[in-house]
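Only one structure is covered here, and it is reproduced in the block below.
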Amino acid sequence: MKLDLASLNFTTLATSPTAYECYAELRATHPVLWSEQMRAWVLTRYSEVEPLLKDPRLIAFRPAPAVMPPAAVQPQLAYLEELHAGRFFRIDPPAHTRLRKLVNEGFTPSRVQKLQPQITGMAHQLIDQVVEQGQMEVAGSFAYPLPVLVIAALLGLPTDLFAQMAAWSKTLLLFFGAQYVQAGYPPAQVNAIYQMHKEMEDYLRTVIEEKRRRPQDDLISALITSDSDAPLSDRELISLCIVLLFAGHETTMNTICNGLWALLRHPDQQQKMAELPALIPAAVEEMLRYDAPVQFSKRTAATDFALGEVAIRAGDVLWLGLGAANRDPTQFPEPDCLRVTRSPNRHLAFGTGIHFCLGAPLARLEGQIAFRVLGERLRGLQLTHEPSLRQHSLFRGVEELQVTWQASK
Ligand code: HEM
C-alpha cells in the first residue's frame, strides 16, 4: 500500500477499514510522524510506543489551546473543567498516585472475582432473550448491556442505570474522545455534554447520599467509607464514577464485538477455541491485540528531548499508537493473523506504565465469560454481513454486528 501522507485523516484513521495497512506503512516509513491536522506526533512502532508510555518525560495529555472556545460555551466548559480537574487521564504524580491508591483499595481483585457468578448469570440471561431467534445484533443485545450491568453491580448503582446509560452513552463518547474540541467546540455538542454531566451529577449525588446513610458491599460505599487521610471529595467521587461508567462499558463492548468479528473471520481459530475452552483467556488477549478498542494513548512532552532524529519540544502532544504497536512484526510474528494460542503476547491494548488500565482485571473477566457463554450457547455462529466501524479518532468499535446461529437451547 502506498500511503498519501498529505491526505491521511487522523480524525478517522483509527476506525478506517484500512487502518492496519496505514499503520504498517507508517511504521516502515514514518514511525514518528508530525500531523499538522492533529498538531501532534503520531508514533506507530512498538519499540517506541511501549517505552514512551512509561517515560517520565511525558506527562498526561493537556490539549493544546489551539482554538479559543466561543464565549457562549465558556461557562459550560468551565464547569466541566472544574468537575473533571482531577480525572485519571489528565493527572500526573503525586495527584495520580493518591487517586490510584485510593481507588485500588476499593477496586480489589477479590471485589472483581466476587462478580464472576453475577457476570455469568447476566450473560446467560441476555442470551436467553435471543437464543430462540437464531439471530441477534451483538452490540445492542449482548456486548453493550453486559458491561453496563457489570459496572452498575461493581459501583452499586440501582438497576435504573440501564435506561440512564442509554441516554448518556453517545454523549460520553463525544466527551471522552474530545471530538468536540477538535471540531472547535460546536455549541450544540458542548451543551449536550454539559446537560448530560448535570444529569449524571444529580443522579450520582442522590446515590452517594443514600450510600453515606446505608453503605453496602460495593465500590462507591468502599470509597466513601475509606479510612484514608485524604479521602475523595464528593466532586472527585462523581468525576471518578463518570470516568468508570464510560471506561467500564465502551471499551468492553468493543472488545466483545471486535473480538467476535475477528473470530468469525477466522473459523479455524473459532474451532480451536470451541474444542479447547481453556484457550479462552489467551484468545481474549489475542483479540485485544488484534483489534484494540483504544487505538491511541495521548501524552504531552514535559521537556525537550530527541527521539532518534526527531526533536520533541516541551508542550508537544504525542499520539502513541497502541493498535499500531500491537501489529508490529518485530514484536509479534505474523501480526496480522489472529492466533488464539499466541504466547508470549505482550500487547498494549490496556496501555502500560502508571496509567495501565485500572479495569483490566474486570475487562478480562468479562471478556472471558462473554466468549465462554457465547461458545456454549450459540452453535455455528456466523456473520450476516461485514459490519461498518463507528467513526472516532481513538476508540475502535463497530456500529453493529449481526450474527446468526443454528440450534437453540
Ligand atoms: C477491554 C476493555 C478495556 C480496554 C481495552 C481499556 C483500555 C485502557 C487503556 C489503553 C488505558 C490507558 C490509557 C492511557 O495510557 O492514557 C486505560 C486506562 C484506564 N481504564 Fe481501561 N480499558 C478497558 C476496560 C476498563 C474498565 C472495565 C474500566 C473500569 C471499570 C476501566 C477503567 C480505566 C481507568 C480508570 C483508566 C485510567 C487509569 C489511570 O490513568 O491510572 N477500563 N484503559
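Keep in mind it's a predicted model, so treat the numbers as computed, not measured. Both ligands and their constituent atoms are indexed starting at 1 by order of listing.
- Close contacts of ligand 1 with I354, meaning ligand atoms under 4.0 Å from a residue heavy atom, involve 41 (O).
- Rounding to the nearest 0.5 Å places OH of Y185 at 10.5 Å from CD1 of I193.
- At a threshold of 4.0 Å, the pair R313-D304 counts as salt-bridged, since one of the basic side-chain nitrogens sits closer than that to a carboxylate oxygen.
- At a threshold of 4.0 Å, the pair K114-D217 counts as salt-bridged, since one of the basic side-chain nitrogens sits closer than that to a carboxylate oxygen.
- Atoms of ligand 1 lying under 4.0 Å from at least one heavy atom of L322, given by number and element, are 10 (C).
- In summary, K272 and E275 do not engage in a salt bridge, as defined by a charged side-chain N under 4.0 Å from a carboxylate O.
- In summary, R98 and D229 do not engage in a salt bridge, as defined by a charged side-chain N under 4.0 Å from a carboxylate O.
- Atom 12 (C) of ligand 1 has as its closest protein heavy atom H355 O, 3.4 Å.
- In E36, the CD atom is crowded: over 12 heavy atoms of neighbouring residues, nucleotides or ligands sit closer than 6.0 Å.
- Of all protein N, O or S atoms, those under 2.8 Å from atom 21 (Fe) of ligand 1 number 1.
- Residues meeting the ring pair (Phe, Tyr, Trp, His ring centres under 6.0 Å) test with F246, sequence neighbours left out: F176, F395.
- For H96, every heavy-atom contact with ligand 1 shorter than 4.0 Å involves the side chain, none the backbone.
- The single protein non-hydrogen atom nearest to atom 36 (C) of ligand 1 is F89 CE2, 3.7 Å, given as residue, atom name and distance.
- What sits closest to atom 38 (C) of ligand 1 on the protein, heavy atoms only, is R100 NH1, 3.3 Å.
- One finds no salt bridge joining E209 and R212 here, because no Lys/Arg side-chain nitrogen approaches an Asp/Glu carboxylate oxygen to under 4.0 Å.
- Atom 1 (C) of ligand 1 has as its closest protein heavy atom T255 OG1, 2.8 Å.
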- Message: Using the rule given for ring-ring contact (aromatic ring centres under 6.0 Å, His included), can you reason through H347 versus F332, listing the C-alpha separation, both sets of side-chain angles and the distance that settles it, and then say yes or no?
- Response: CA-CA 9 Å; H347 67 75; F332 303 101; 7.9 Å; no
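- Contact between R364 and ligand 1 is absent, with no heavy atom of the residue lying under 4.0 Å from the ligand.
- Between R339 and E286, no side-chain nitrogen of the basic residue sits less than 4.0 Å from a carboxylate oxygen of the acidic one, so the salt-bridge criterion is not met.
- Heavy atoms of H249 stay at 4.0 angstrom or farther from ligand 1.
- Residue contact check: L288 has heavy atoms under 4.0 Å from atoms 1 (C) of ligand 1.
- Annotation for ligand 1: atoms under 4.0 Å from non-hydrogen atoms of R299 are 14 (C), 15 (O), 16 (O).
- Between Y79 and Y194, the ring planes are perpendicular. Angles over 60° get that label, and only those under 30° would be called parallel.
- Taking every heavy atom of I151 and a limit of under 4.0 angstrom, the matching atoms of ligand 1 come to 30 (C).
- In this structure, L99 falls outside the shell of residues with a heavy atom less than 4.0 angstrom from ligand 1.
- The shortest N or O to N or O distance between T252 and ligand 1 is not under 3.5 Å.
- Salt bridge status for E250 with R390: present, with a side-chain N to carboxylate O gap under 4.0 Å.
- Summary of contacts: the protein heavy atom closest to atom 7 (C) of ligand 1 is A349 O, 3.5 Å.
- Salt-bridge formation is detected for the pair K211/D218: a Lys NZ or Arg NE/NH1/NH2 atom is positioned less than 4.0 Å from an Asp or Glu carboxylate oxygen.
- In terms of protein heavy-atom proximity, atom 35 (C) of ligand 1 is closest to F88 CD1, 3.5 Å.
- Between R235 and E82 there is a salt bridge, with a side-chain nitrogen of the basic residue lying less than 4.0 Å from a carboxylate oxygen of the acidic one.
- A salt bridge is defined here as a Lys NZ or Arg NE, NH1 or NH2 lying under 4.0 Å from an Asp or Glu carboxylate O, and R205 with E201 meets this definition.
- The shell of residues lying under 4.0 angstrom from ligand 1, judged by heavy atoms, excludes V103.
- In this structure, the protein non-hydrogen atom closest to atom 14 (C) of ligand 1 is S297 OG, 3.1 Å.
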